[in-house]
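Taking it in order: structure first as structure tokens, then the write-up.
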Amino acid sequence: MPIEKATRIEDLPTGEVEVEIEQEGLPEITIEFDEEGGVTVNLDEEEDGEVPFDANLAEVLPPDVLARISSDLMALFNADKSSRGDWEQQYAKGMDLLGFKIEDRTQPFRGACGVQHPLLTEAIIQFQ
């Protein structure tokens, strides 16, 4: 049912108006007009297929959508990794020029850092 154009607030319809949309898969839409000129739009979605807000979407989405998301994310990850390649080479060169060697330490415990002030070392490397 088409809605007529109203020129004044008093001419707006009141109550519930149903709008028919002919596309499949879309929810039924109900529009309610109040006396003050406000509008409330209700989307009557199917309750049986409702997914909770905190649901794991990987369990809900179809496999073709998951494959598309996965391929997009992998492409973006590889582009990010290749774009920072120059920075990684410069960082490694800075570590070599400053004389820092990465070594596995066992004293005072396994995996201990050999640099006394890691924050200062990071600042020096970034400055270099």
Side-chain angles (χ1 to χ4, degrees):
M1 164 176 122
I3 299 174
E4 299 288 327
K5 182 178 177 183
T7 56
R8 299 181 310 165
I9 292 179
E10 294 82 25
D11 296 337
L12 288 173
T14 57
E16 189 173 304
V17 176
E18 290 189 21
V19 177
E20 294 181 20
I21 298 177
E22 297 183 14
Q23 294 182 358
E24 293 182 22
L26 294 178
E28 183 179 325
I29 298 173
T30 305
I31 301 174
E32 296 178 17
F33 295 90
D34 60 15
E35 296 82 27
E36 299 169 357
V39 176
T40 303
V41 178
N42 296 318
L43 300 175
D44 296 330
E45 297 182 16
E46 296 179 13
E47 296 284 330
D48 57 352
E50 191 170 317
V51 178
F53 179 76
D54 58 348
N56 183 358
L57 295 179
E59 296 173 353
V60 177
L61 294 174
D64 60 329
V65 174
L66 291 175
R68 191 171 5 137
I69 291 172
S70 172
S71 64
D72 289 347
L73 286 176
M74 288 302 294
L76 291 171
F77 172 77
N78 290 331
D80 183 48
K81 189 172 182 177
S82 66
S83 71
R84 70 172 186 251
D86 293 339
W87 178 84
E88 288 177 348
Q89 289 176 355
Q90 187 177 13
Y91 190 86
K93 185 178 177 182
M95 292 284 279
D96 288 340
L97 291 173
L98 290 171
F100 293 114
K101 301 293 180 201
I102 298 174
E103 57 186 35
D104 292 332
R105 295 184 53 126
T106 58
Q107 292 295 327
F109 56 87
R110 187 171 12 128
C113 180
V115 179
Q116 297 298 324
H117 299 285
L119 185 63
L120 180 59
T121 304
E122 179 73 22
I124 292 169
I125 292 171
Q126 291 288 333
F127 179 75
Q128 182 67 20

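Note that the structure is predicted; figures quoted are calculated from it, not measured.
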Where at least one partner belongs to residues 79-98, residue pairs that pass ring-ring contact (aromatic ring centres under 6.0 Å, His included), sequence neighbours excluded: W87-Y91
What pairs of donor and acceptor atoms, side-chain ones from residues 75-83 against any protein atom, are under 3.5 angstrom apart with sequence neighbours left out?
from : atom 1 : to  : atom 2 : distance (Å)
N78  : ND2    : M74 : O      : 3.2
D80  : OD2    : R84 : NH1    : 3.3
S82  : OG     : N78 : O      : 3.2
S82  : OG     : A79 : O      : 3.0
S83  : OG     : A79 : O      : 3.4
S83  : OG     : D80 : O      : 2.8

Pair listing, side-chain hydrogen bond (donor to acceptor under 3.5 Å, both in side chains) test, anchored in residues 53-72, at least two apart: none
L73: hydrophobic cluster co-members (side-chain, 4.5 Å): L57, L61, V65, L66, I69
Pairing residues for Q126 by the side-chain hydrogen bond (donor to acceptor under 3.5 Å, both in side chains) criterion, not counting sequence neighbours: E122
